[in-house]
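Working notes, structure below.
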Amino acid sequence: MFAPFSRAYYLGRLYVEPYDGDRPVIHDEQHEAVNERLYGTETGISRLDNPLVMKLGNRHLSVHGESGIPGRTLAVPATLADETNDELPALREVLLAKADRAKQLQAMGLTTGQ
């Protein structure tokens with residue numbers, strides 16, 4: 001779903017659609033799988049419910065898992081979708097912050113959808 005892009009990000013293509021929720025979400029099983037593969041550690045127990053940090057346009061989003069969301073889909077709150085000025089729903093390139101970059105962005109309070 002995501003391939004290395006730079007030192008700080010992976011690149012993927014997801015179907016982005018507005019929805020009535022209050023935070024950005026992807027399918028919960030995909031959320032866990034990406035979290036484990038890209039944010040997990042090799043030793044000890046890793047949390048699989050940490051938000052993924054994705055960049056859509058100029059905004060960093062804390063993305064959570066939720067059942068009922070179609071696979072390979074990023075569902076964003078309708079109010080946030082309106083801010084993108086994009087025709088949604090649509091297939092879009094999405095950047096996924098690597099673990100160190102995600103922690104940095106969250107610590108600085110630069111993500112939407114906590």
Original post:
Would you call His27 and Thr73 a side-chain contact if the rule is heavy atoms closer than 4.5 Å?
Top reply: no

Original post:
Do the non-hydrogen side-chain atoms of Asp28 and Ser67 ever get within less than 4.5 Å of each other?
Top reply: yes

**OP:** Would you check if the side chain of His31 reaches a backbone N or O of Val63 as a donor-acceptor pair within less than 3.5 Å?
**Re:** yes

Original post:
Checking side-chain contact (heavy atoms from CB on, under 4.5 Å) for the pair Ile26/Met54: CA distance, chi angles, key distance, verdict?
Top reply: CA-CA 11 Å; Ile26 62 173; Met54 295 185 187; 4.3 Å; yes

Subject >> Spacing of CD belonging to Glu17 relative to CZ belonging to Arg92, to within rounding of 0.5 Å >> reply: 13.0 Å

Original post:
For the atom pair CD (Glu36) and CG (Leu38), what is the distance rounded to the nearest 0.5 Å?
Top reply: 10.0 Å

**OP:** Specify the closest pair of heavy atoms between Arg101 and Ala8, including all atoms of both residues, with the distance to one decimal.
**Re:** CB-O, 3.7 Å

Subject >> Side chain proximity check, Leu95 to Phe5, heavy atoms < 4.5 angstrom >> reply: yes

Original post:
Got Asn35 and Leu52 here, is their nearest side-chain heavy-atom distance under 4.5 Å?
Top reply: yes

Subject >> Ring-face cation of Lys98 near Tyr9 (centre distance under 6.0 Å, axis angle within 45°) >> reply: no

**OP:** State the CG-CZ distance between Leu110 and Arg59, to the nearest 0.5 angstrom.
**Re:** 11.5 Å

Original post:
Do Thr112 and Ser62 have side chains that get closer than 4.5 Å, going by heavy atoms?
Top reply: no

Subject >> Non-hydrogen side-chain atoms of Leu61 and Thr111 separated by less than 4.5 Å >> reply: no

Original post:
Are Val53 and Leu74 grouped together when hydrophobic residues (ILVMFWY) are joined by side-chain heavy atoms under 4.5 angstrom apart?
Top reply: yes

Subject >> Shortest non-hydrogen separation from Ala102 to Tyr39 and the atoms involved >> reply: CB-OH, 3.6 Å

Original post:
Do the side chains of Pro70 and Tyr15 get nearer than 4.5 Å, heavy atoms only?
Top reply: no

Subject >> side-chain contact (heavy atoms from CB on, under 4.5 Å) assessment of Ile69 paired with Glu66 >> reply: CA-CA 6 Å; Ile69 302 298; Glu66 185 173 304; 4.1 Å; yes

**OP:** State plainly whether one hydrophobic cluster holds both Tyr10 and Val94, where clusters connect Ile, Leu, Val, Met, Phe, Trp and Tyr through side-chain heavy atoms under 4.5 angstrom apart.
**Re:** yes

Subject >> Main-chain N/O of Gly113 paired with His64 side-chain donor or acceptor, under 3.5 Å >> reply: yes

Original post:
Just how far is it from atom CG of Leu88 to atom CG of Leu80, taken to the nearest 0.5 Å?
Top reply: 9.5 Å

Original post:
Shortest non-hydrogen contact from Pro18 to Pro89?
Top reply: CD-N, 4.3 Å

Subject >> Contact check, side chains of Phe2 and Leu14, non-hydrogen atoms, under 4.5 Å >> reply: yes

Original post:
Can you tell me how far NZ of Lys55 sits from CD of Glu93, rounded to the nearest 0.5 angstrom?
Top reply: 12.5 Å

Original post:
In Å and rounded to the nearest 0.5 Å, what is the OG to CG distance from Ser6 to Leu11?
Top reply: 9.5 Å

